[in-house]
Amino acid sequence: MPELPEVETFVRALRRPLLGRTIIDLRNDWPRHIAQPAPDELAARIAGRRIEAIDRRGKYLVFTLSDDETLVIHLKMSGHLSVVPGDAPPDPYAHTVFLLDDGGELRFRDPRKFGRVYLLRDPDGVLGPLGPEPLADDFSAEALAAALARRRRVLKPLLLDQTFIAGIGNIYADEALFDAGLLPTRHSHTLTPDEVAALHAAIRKVLALGIAREGASISTYVKPDGQKGDMQNAVAVFRRTGQSCYVCGGPIERIVLGGRSTHYCPNCQH
DNA sequence: ACCGGAGCCTGTTAGC
DNA sequence: TGCTAACAGGCTCCGG
């Protein structure tokens, strides 16, 4: 389940093999992978475009192409991107493949087919609704405090709301709440200034740790080179139901909030 | 404005 | 040990 740190890991690994390359063609065996525009139009418009920059916005990968085109990819649950030689063994799960001018391929592997590809002249149409980047300099505790007070919502589902903050998914939401010592069932407008400060620091801490450890290989995620990340060895609560809390020794509990499994320590979080 | 549920998918896991 | 059924999970859409 790629979240901000996992997507950032892809972005960093893809820059070296892709920057300066030109996309010459597209292969697709699952048309629903292409969200926008229609697959044949996307193929026609992307051919001949050079990859000039690769960045991340929330959980989206953003490829700035020549001629003011932007390729946007969301990996959703099981998406994976890698650059391989053209004669690499075929991958039945690589539903969308970008052919490169050096003979290589950018493969979008996606067993569950939840991922989406966009080719946009104005990426704001897709990226515009996203909330602030939690690792950006202008994401301050004061800004978070104001945003929390404005919405009266349960913390866990709110952290997963991409229009509130961009990039946090189920793993890092649970980890951030544990690190901040806050129960996932707390309501956003009830946090004290100290609690907001703790949450702000915790969000940035766990995301930065996830990036440093190149992502959490808990379900299907692996790095572009196929190797596992290392963040799964540093989680405090996620999918540790019944196991001992590393801080107090008590059992980690699991509840469902907003339809998502939620893990926390009832002793350490208040 | 917010919440809950269905739907999209298929590999993995739980339960018999 | 082998099978089937439920689950996971980001996000969108719908109805309340």
Side-chain angles (χ1 to χ4, degrees), chain A residues 1-10 28-36 39 56-62 72-81 91-96 108-118 120 123 125-131 133-134 146-177 184-190 207 210 215-222 226 228-229 231-232 235 237-243 252-264:
Chain A
M1 58 211 90
E3 305 178 22
L4 187 156
E6 288 76 25
V7 176
E8 181 67 26
T9 301
F10 278 108
N28 172 267
D29 69 1
W30 182 255
R32 299 183 64 168
H33 233 185
I34 314 290
Q36 204 179 316
R56 179 193 56 71
R57 180 75 175 93
K59 301 175 193 172
Y60 290 88
L61 290 106
V62 182
V72 174
I73 296 179
H74 198 303
L75 301 172
K76 292 285 182 83
M77 293 298 303
S78 61
H80 180 271
L81 294 166
D91 179 349
Y93 295 119
H95 298 301
T96 301
F108 184 7
R109 172 189 167 86
D110 189 17
R112 290 188 200 170
K113 301 177 174 173
F114 278 24
R116 291 294 179 263
V117 176
Y118 307 79
L120 306 163
V126 170
L127 307 178
L130 293 175
E133 281 295 321
L148 286 167
R150 210 178 310 127
R151 315 215 192 177
R152 314 183 145 238
R153 293 182 58 186
V154 175
L155 275 184
K156 170 67 186 280
L158 183 58
L159 289 180
L160 295 178
D161 183 342
Q162 299 301 298
T163 69
F164 184 71
I165 299 174
I168 300 176
N170 213 25
I171 297 175
Y172 295 92
D174 283 3
E175 293 301 311
L177 288 168
T185 49
R186 287 285 298 277
H187 286 260
S188 57
H189 60 287
T190 68
L207 292 174
S217 293
I218 289 178
S219 55
T220 61
Y221 166 80
V222 290
K228 287 186 176 184
M231 183 62 189
Q232 67 278 9
V235 297
V237 289
F238 189 75
R239 294 224 186 144
R240 294 195 65 245
T241 311
Q243 298 179 43
I252 302 301
E253 294 198 3
R254 174 187 182 274
I255 57 175
V256 174
L257 282 180
R260 311 243 86 89
S261 63
T262 299
H263 315 77
Y264 69 104

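Throughout, protein chains are lettered first and strands after them, A, B, ... in sequence-line order, and every chain is numbered starting at 1. These values consider heavy atoms only, across backbone and side chains, with no hydrogens, waters or symmetry-generated copies.
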Measure [atom1]/[X] against [atom2]/[N] and give the value in whole Å, please.
X         : N       : atom1 : atom2 : answer
His74(A)  : dC8(B)  : NE2   : C1'   : 14 Å
Arg116(A) : dC8(B)  : CZ    : P     : 11 Å
Arg32(A)  : dG7(B)  : CZ    : P     : 13 Å
His80(A)  : dG11(B) : NE2   : P     : 16 Å
Phe114(A) : dT10(B) : CZ    : P     : 9 Å
His189(A) : dC2(B)  : NE2   : P     : 11 Å
Arg112(A) : dT13(B) : CZ    : C1'   : 11 Å

Inset, instruction - Determine the minimum heavy-atom distance between Val154(A) and Pro184(A), stating which atoms define it. - result: CG1-O, 3.2 Å
Inset, instruction - Considering non-hydrogen atoms only, spot the tightest contact between Lys59(A) and Val7(A) and give its length. - result: O-CG2, 3.5 Å
Inset, instruction - Apply side chain to side chain donor-acceptor pair (under 3.5 Å) to the pair Glu3(A) and Tyr221(A), showing each step before the final yes or no. - result: CA-CA 10 Å; Glu3(A) 305 178 22; Tyr221(A) 166 80; over 6 Å; no
Legend entry - Distance test, side-chain N/O of Lys113(A) to OP1/OP2 of dT10(B), below 4.0 Å: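 For dT10(B), OP1 or OP2 has a side-chain N or O of Lys113(A) closer than 4.0 Å.
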Inset, instruction - Would you tell me if any nitrogen or oxygen in the side chain of Tyr93(A) comes within less than 4.0 Å of OP1 or OP2 on dG11(B)? - result: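 Yes.
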Legend entry - Identified side-chain contact (heavy atoms from CB on, under 4.5 Å) partner of Thr185(A) from the options Leu177(A), Leu155(A), Ile255(A): Ile255(A)
Legend entry - Inter-axis angle, terminal five-pair segments of the helix from dC2(B)-dG16(C) to dC16(B)-dG2(C) [nearest 10°]: 60°
Legend entry - Gap separating the NE2 atom of His74(A) from the CD atom of Gln162(A), nearest 0.5 angstrom: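 Reported to 0.5 Å precision, the distance equals 6.5 Å.
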Inset, instruction - Could you grab the distance from atom OG1 of Thr262(A) to atom CG of Leu257(A), nearest 0.5 Å is fine? - result: 4.0 Å
Inset, instruction - Classify the side-chain pair Asp110(A)/His33(A) by whether it contains a donor and acceptor separated by less than 3.5 Å. - result: yes
Inset, instruction - Under 4.0 Å between any heavy atoms, over every strand shown, what does Phe164(A) touch: base, sugar-phosphate, or nothing? Just pick one. - result: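 The answer is nothing, as Phe164(A) stays clear of every strand by at least 4.0 Å.
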Legend entry - Counterpart residues, salt bridge (charged side-chain N to carboxylate O under 4.0 Å, His left out), relative to Arg152(A) (two or more places apart): none
Legend entry - Arg240(A): partners by salt bridge (charged side-chain N to carboxylate O under 4.0 Å, His left out), with sequence neighbours left out: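 Per chain and number, Arg240(A) pairs via salt bridge (charged side-chain N to carboxylate O under 4.0 Å, His left out) with no residue.
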Inset, instruction - Would you indicate which nucleotide in dG11(B), dC8(B), dC2(B) comes nearest to any side-chain atom of Pro111(A)? - result: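 Nearest to the side chain of Pro111(A) among the choices is dG11(B).
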Inset, instruction - Return the residues of residues 254-264 of chain A meeting this criterion: a heavy atom under 4.0 Å from some atom of DNA chain B. Order them by number, or give none. - result: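 Contacts with DNA chain B under 4.0 Å: none.
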Inset, instruction - Only counting residues at least two apart or in another chain, list the ones meeting ring pair (Phe, Tyr, Trp, His ring centres under 6.0 Å) with Tyr264(A). - result: none
Legend entry - Range on DNA chain C touched by chain A, heavy atoms, distance below 4.0 Å: dA8(C) to dC11(C)
Inset, instruction - Could you check whether the rings of Phe238(A) and His263(A) sit parallel, tilted or perpendicular, using 30° and 60° as the cut-offs? - result: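 Perpendicular.
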